[in-house]
Amino acid sequence: VPIDEREVIPCGIVLRSVGYRGTAMPGVPFDEDRATIRNDNGRVLDDAGARIPGVYCTGWIKRGPSGVIGTNKKDATETVELLFEDAAMGMLPRREERDVADLLADRGVRPVTYAGWQAIDAVECARGETQGRGPTGGKRT
């Protein structure tokens with residue numbers, strides 16, 4: 001509810017981000033009313049309500065636009081636990097075994113190696129420290 005009280009915060013840029021509506025993806029069942037992928041705790045369901053083996057979703061496309069980063073992390077953990085459960089029960093579809101590096105190369109994707117990620121992380125941490133955002137702000141993962 002709008003009120004008469006206002007606060008002015010000096011800044012260099014303002015981005016308006018109000019609302020969110022998920023959009024359908026080709027071949028993935030979508031609930032138009034909720035704007036989410038049809039799912040049962042992250043396991044994607046077909047139009048009849050049956051699980052589609054090996055297809056999962058998480059985050060706002062799973063539950064709708066609610067929550068914060070912590071909510072999304074918990075939500076993703078729930079979905080991944082179901083994926084592992086399905087894998088242990090042999091419920092994931094078998095696919096051609098391929099080396100991940102070859103698959104990425106075939107798709108024109110240049111992966112970041114762990115050493116590359118460490119270099120990026122070091123630069124980002126150093127930049128953060130110059131702005132007073134050192135490791136006391138919490139643990140990095």
Pair D31, T36 - check side-chain hydrogen bond (donor to acceptor under 3.5 Å, both in side chains), show working. CA-CA 5 Å; D31 182 332; T36 58; 4.8 Å; no
Given side-chain contact (heavy atoms from CB on, under 4.5 Å), test N41 with L82 step by step and report yes or no. CA-CA 8 Å; N41 294 318; L82 293 176; 3.7 Å; yes
Show your working on side-chain contact (heavy atoms from CB on, under 4.5 Å) between W60 and T71 and close with a plain yes or no. CA-CA 10 Å; W60 285 12; T71 311; over 6 Å; no
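No donor-acceptor pair under 3.5 Å is formed between the side chain of D75 and the backbone N or O of T58.
Ion pairing of K73 with E78 is absent here, as no side-chain N (NZ or NE/NH1/NH2) approaches a carboxylate O to less than 4.0 Å. Of the charged side-chain nitrogens involved, none lies within less than 4.0 Å of a carboxylate oxygen, so that R133 and E124 do not count as a salt-bridged pair. Using a 4.0 Å cut-off between charged nitrogen and carboxylate oxygen, D46 and R38 do not count as a salt-bridge pair.
For R98, the CZ atom counts as densely surrounded, since its 6.0 Å shell holds more than 12 non-hydrogen atoms of other residues, nucleotides or ligands.
Atom CD1 of residue I37 and atom CG of residue L45 lie 11.0 Å apart, to the nearest 0.5 angstrom. Note that CD of E85 is 6.5 Å distant from CE of M89, once rounded to the nearest 0.5 Å.
Nearest heavy-atom pair, K62 versus C57, reported as atom, atom and distance to 0.1 Å: CD-O, 3.5 Å. Heavy-atom minimum distance, R34 versus R63: NH2-O, 3.5 Å. In this structure, L92 and A87 approach most closely via the heavy-atom pair CD1-CB, 3.5 Å. Taking every heavy atom of both residues into account, R51 and M91 meet most closely at NH1-CE, 3.5 Å.
Put simply, V28 and I52 are part of the same group of oily side chains (I, L, V, M, F, W, Y) that touch within less than 4.5 Å, one to the next. Hydrophobic clustering (side-chain heavy atoms under 4.5 Å, transitive across Ile, Leu, Val, Met, Phe, Trp, Tyr) groups M25 together with V44.
Here the side chains of L104 and V100 are in contact, with some heavy-atom distance below 4.5 Å.
Looking at Y56 and N39, their side chains never bring a donor and an acceptor atom within 3.5 Å of each other.
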